[in-house]
Amino acid sequence: MSSTTSSATGSSSKKSKLTNDSVVRVIFTTKKEDIRVPEVEMAIPLKFTRYGLSETINLLLDRDPPKPFDFLIDSEFVRTSIDKHLRKHNINREHTINIEYTEAIIPPEKEMECEHDDWVSSVSGSFSGFVLTGSYDMKARIWDQKTGACITTAEGHKGSVKSVAWLNKAPKRDGGKFKFVTASMDHTLIAWRASQSEEAASIHHIYKGHTATVNSVSVNISGDKICSGSYDATIRVWDAKATPDNSTSSIDVHQSKRRRLDTAPQIMQNTALVGHTASVTCVSWPTSHQLISASADHTIRLWDVSSETNTDTLTAPTVVNTVAYSTVHGLVVSGHSDTVLRIWDPRVDTGKMAQQTLHSHQGWASAVAWHPYSQYPRFASSSHDKTIKVWDLRSPLPLFTLSHHTEKVLSVDWSGLLNFDEENNSKDVSGSQFDLVSGGADNKMR
């Protein structure tokens, strides 16, 4: 009898040892009250991946149907098994591991498809559910994000439209005025005006000063200044409220295109920011005092607008096609011709070197856009590989990839509806939803 008992104990001990070697003690935590589970220690298999962890949370929450979750250990997403993640980051499996969980971001379904007559070179979302697009067909258009209807068309450039930007980012949906600016291969920028009942936008001002294609345009946060970047290697800053250099004060939209351009109010006075030695591929004006530019000379430059000086230069190993600055997180993301996305932090001493490189695209990175209000460092990228990817810097891999375009994707942005107060001027981001919009060489805005 004694012998039998000893054998059972030994077997039980061996079984327990195997079990201990294959599990880890964890505590699940979350910042969202509506999905919180008891924060108690429990043992889970080391072989668990995100799927197994999601099953656990759904079981604890008694969710039916179940929903997918994302999991973080030490502020980094788990993208492998728990075992591999702990080994990779040299985390002691003997300790209790805190695993934070959050509801997973589900890849959006394609909601609409808006046809153009040529490549869609640029898209700009708004806070009112309107999308502005520029096309190689020399036109700009405004679309209703809810219905997919084309509301207004702006026709006047003599060359392809390369870039577009809102002068008022949140036009009222009920009778509001549209104000926007376009940049073109014809070396000019045009500021436009239109009401929501007008099918054709009218030319407000034409800005002349560049000597080559204007690749990019951006507007400051107050909407009274414009900056542009050109193939002529210069950045020019314009006053959106300047008095025209000629005397014409209004344009008849029924005039011919040539007549409209010849008689349009023209503004030639501008401030040139010189420093780049090759084509300026992208400009962005994220704060009132600072703008950022990218260039084929492999550099990203930060500029102080008031002093007209280049305050910082970040050097990349290859052409910089696109750049964006996050005012929420203080980080810069750039997209390059070597397919790589690079993250920079100009605030730190090592900021002149990329802090992080992201590898997933298989073609040129054409555009990047930070989520406007996410509390996490999240952005979207587009590429000549026909895809759009959404990233969260807590993971080296994209959260998801969209492959709806059939040709190279040239532009991407976020667009949505913010909650406004009764005066329509106080933004409340709670409950607001932002969707992705993109344009490509398949002649479509999606």
Side-chain angles (χ1 to χ4, degrees), residues 121-124 134 162-165 181 183-185 189 210 212-220 226-237 272-287 289-305 308-327 329-347 351-358 361 363-370 379-384 389 391 408-413 439:
S121 55
S122 180
V123 295
S124 181
K162 290 295 298 292
S163 183
V164 295
V181 61
S184 171
M185 283 185 174
L189 298 96
H210 285 295
T213 293
V214 188
N215 293 316
S216 181
V217 63
S218 186
V219 176
N220 69 348
I226 300 167
C227 70
S228 54
S230 170
Y231 195 82
D232 64 15
T234 69
I235 299 163
R236 296 185 182 272
V237 179
L273 303 179
V274 180
H276 285 296
T277 57
S279 173
V280 179
T281 54
C282 183
V283 290
S284 178
W285 202 331
T287 68
H289 63 281
Q290 186 179 67
L291 61 85
I292 187 169
S293 61
S295 172
D297 66 9
H298 298 195
T299 68
I300 299 165
R301 294 176 185 264
L302 281 73
W303 305 83
D304 183 279
V305 180
E308 302 171 17
T309 56
N310 178 192
T311 57
D312 209 350
T313 301
L314 313 175
T315 302
T318 186
V319 170
V320 191
N321 298 322
T322 179
V323 69
Y325 176 83
S326 170
T327 56
H329 305 287
L331 300 173
V332 173
V333 59
S334 56
H336 302 260
S337 297
D338 63 0
T339 77
V340 177
L341 301 169
R342 292 177 170 86
I343 306 298
W344 315 75
D345 189 346
R347 302 166 298 179
K352 294 183 184 297
M353 299 176 60
Q355 305 295 299
Q356 190 174 353
T357 56
L358 302 172
H361 282 300
W364 281 20
S366 55
V368 289
W370 290 98
F379 68 92
S381 62
S382 64
S383 170
H384 287 190
K389 297 177 184 289
W391 304 79
K408 57 188 177 184
V409 188
L410 304 176
S411 54
V412 69
D413 199 9

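Being a predicted model, the structure only gives us computed values, none of them experimental. Residues: numbered from 1 along the sequence shown.
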* Structure fact -> Which of Val283, Ile226, Leu273, Asn220 passes side-chain contact (heavy atoms from CB on, under 4.5 Å) with Val237? It is Leu273
* Crowding at OH, Tyr231 (>12 non-hydrogen neighbours, <6.0 Å) -> no
* Would you please classify the geometry between the His384 ring and the Trp364 ring as parallel, tilted or perpendicular, with 30° and 60° separating the classes? => parallel
* To do: State, with a plain yes or no, whether a side-chain heavy atom of Phe379 is found less than 4.5 Å away from one of Ile343.
  => yes
* Asked: What residue among Leu291, Thr309, Asp312 forms side-chain contact (heavy atoms from CB on, under 4.5 Å) with Leu302?
  -> Asp312
* Asked: Any donor and acceptor pair, going by atom type alone, linking the side chain of Asp297 with main-chain N or O of His276 inside 3.5 Å?
  -> no
* To do: For the pair Ser295 (side chain) and Ser279 (backbone), establish whether a donor and an acceptor sit closer than 3.5 Å, ignoring hydrogens and angles.
  => yes
* To do: Please confirm whether the backbone N or O of Ala272 pairs with a side-chain atom of Thr234, one donor and one acceptor, at under 3.5 Å?
  => no
* Asked: Taking side chain as C-beta onward, heavy atoms only, is Val305 less than 4.5 Å from His289?
  -> no
* Donor-acceptor under 3.5 Å (Gln355 side chain, Met353 main chain) -> yes
* To do: Using a 4.5 Å cut-off on heavy atoms from C-beta on, say whether the side chain of Val332 contacts that of Pro346.
  => yes
* Is a side-chain donor or acceptor of Thr299 paired with a backbone partner of Thr315 at a separation under 3.5 angstrom? -> no
* To do: Using atom types as modelled and distance alone, determine if a side-chain donor or acceptor of Ser366 lies under 3.5 Å from a backbone N or O of Val409.
  => yes
* Asked: Heavy-atom distance under 4.5 Å between the side chains of Ile292 and Ile300, does that happen here?
  -> yes
* Non-hydrogen atoms of Ala165 and Val217 that approach each other most closely -> CB-O, 3.9 Å
* Would you call Ser184 and Val214 a side-chain contact if the rule is heavy atoms closer than 4.5 Å? -> no
* Using atom types as modelled and distance alone, determine if a side-chain donor or acceptor of Arg301 lies under 3.5 Å from a backbone N or O of Gly275. => yes
* Would you call the rings of His336 and Trp344 parallel, tilted or perpendicular, where under 30° means parallel and over 60° means perpendicular? -> tilted
* **Test log, rule side chain to side chain contact (heavy atoms under 4.5 Å, CB included), inputs Lys389 and Leu341** => CA-CA 11 Å; Lys389 297 177 184 289; Leu341 301 169; over 6 Å; no
* Is there a donor-acceptor pair under 3.5 Å between the side chain of Ser121 and the backbone N or O of Gly134? -> yes
* Beyond-backbone contact of Ser381 with His361, side-chain heavy atoms, under 4.5 angstrom -> yes
* Structure fact -> The residue among Val412, Val368, Leu410, Val123 that forms side-chain contact (heavy atoms from CB on, under 4.5 Å) with Ser382 is Val412
* Asked: Is there side-chain contact between Lys162 and Ser228, with heavy atoms separated by less than 4.5 Å?
  -> no
* To do: Compare all side-chain heavy atoms of His210 with those of Leu189 and state whether any distance is below 4.5 angstrom.
  => yes
* Asked: Can you check whether Gly229's main-chain N or O pairs, donor with acceptor, with Asn215's side chain at less than 3.5 Å?
  -> no
